[in-house]
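In what follows, chains are A, B, ... by sequence order, proteins preceding strands, each numbered from 1.
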Amino acid sequence: MDSPTPHSPVPPEDRIPEALAQRMASIYGNTPPVPRELDEAILRRATGRLRWHGRWGATVRWGGAAAAVAAVLLLALWLGNRDGDLPAGRPVAVRIQELGAADRVTILDAYRLAQRLGKGESVDRTWDADGDGRVNERDVDAIARAAVRLPGVGEKGVQ
Amino acid sequence: MNRILRMAMLLAGAWALLAAGEGPAGPTSMPASRFSFVDVFVETGSAPLAAWQFEFSAPGGGRLVGIERGDARGFQDPPYYDPAALAGNRVIVAAFNTGNDLPAGRVRVARLHLWRGDAAPLGGQVRLMAAGGRDGQPIPATASFTEGESR
């Protein structure tokens, strides 16, 4: 104990008192001597392992972060497109503004939307016919009113 | 007393003139106005009808004065139409039903009430703009109408 090894020289002020060392040795028994070769081998292996962690740890950390970002993006894309099968052609609000066009909205558009809402299914925002930021029964009504509006007659509202 | 007698004679004369004006119109008077109605039918064969839309016009004469639903099962609400059309002789009417009890075959979908200024032929035309089944897809269908006299 009191003979420092070349790898870990112990300054004299940090050495434990001789009496205490003897007392502890009597309690725990004498520490068997460790060969220097074994000590150095353990040290080399530990150093190599730490180097591996330092090199690959950064790769794992950055790779994991990139994977998480990719997963969030994919989830956002999926949420945004899962209702994309409902609109037939261009957004209904655009088609409403083009009364008289060949693909003007009809009562079938209102019916399809009412069906989806009635089943509690989520609906793409392109069906926001009244432009209030939500798709609900009011949009069904707006689409139906647009479907029966007579081009050039007026905008009195529809019953 | 004379003044009272003259007043009574004037009132009697005015009453007689008014009464004469209310009588049946003779052949030389203005044509009698009348009301009529048009029942519009959609024929779907055996396919259930969930939504329909038609355009009706009567270029020959007449003005739309009212629109009511037909007797189609499940279509209890009044149909959609543009109130501005009531001033003219052309209208687009539509309705849908998201319920399960859907009619099929020859379905009377709406009744249009018209004011006829004269006895000229209506010259009505109906054009089916959309007819859809339960899945919201178009179904083969035709539209027709019959005219009746309102009393």
Taking everything shown except B:Arg73 itself, do over 12 heavy atoms lie less than 6.0 Å from its CZ? yes

Tell me every residue that passes side chain to side chain donor-acceptor pair (under 3.5 Å) with B:Arg127, counting only those two or more places apart in sequence or in another chain. B:Glu55

Heavy-atom nearest pair, B:Val93 first then A:Val148, reads C-CG1, 4.2 Å

Per-residue contacts, residues 38-50 of chain B versus chain A, heavy atoms under 4.5 Å: B:Ala50

Chain A-proximal positions within residues 133-142 of chain B [heavy-atom distance under 4.5 Å]: B:Gly133, B:Arg134, B:Asp135, B:Gly136, B:Gln137, B:Pro138

Can you name the nearest heavy-atom pair linking B:Ala95 to A:Ile107, along with the distance? O-CG1, 3.7 Å

Please step through side-chain contact (heavy atoms from CB on, under 4.5 Å) for the pair A:Leu108 and B:Phe96, ending with a clear verdict. CA-CA 8 Å; A:Leu108 294 184; B:Phe96 67 82; over 6 Å; no

Take B:Ile92 and A:Leu150 through the test side-chain contact (heavy atoms from CB on, under 4.5 Å) and record every step on the way to the result. CA-CA 7 Å; B:Ile92 297 174; A:Leu150 282 173; 3.7 Å; yes

Crowding at CZ, B:Arg63 (>12 non-hydrogen neighbours, <6.0 Å): no

Could you pull out all residues at least two apart from B:Asn100 that satisfy side chain to side chain donor-acceptor pair (under 3.5 Å)? none

Between B:Leu112 and B:Phe37, is there a shared hydrophobic cluster once you connect ILVMFWY residues whose side-chain heavy atoms come closer than 4.5 Å? no

Regarding B:Tyr80 and A:Asp141, is there a side-chain donor-to-acceptor distance under 3.5 Å anywhere? yes

When rounded to the nearest 0.5 angstrom, what distance separates OG1 in B:Thr98 from NZ in A:Lys119? 10.0 Å

Could you tell me whether a side-chain N or O of B:Gln53 sits under 3.5 Å from a main-chain N or O of A:Ala147, the two making a donor and an acceptor? yes

Could you see if B:Leu102 belongs to whatever hydrophobic cluster contains B:Val109? Use Ile, Leu, Val, Met, Phe, Trp, Tyr and a side-chain cutoff under 4.5 Å. no

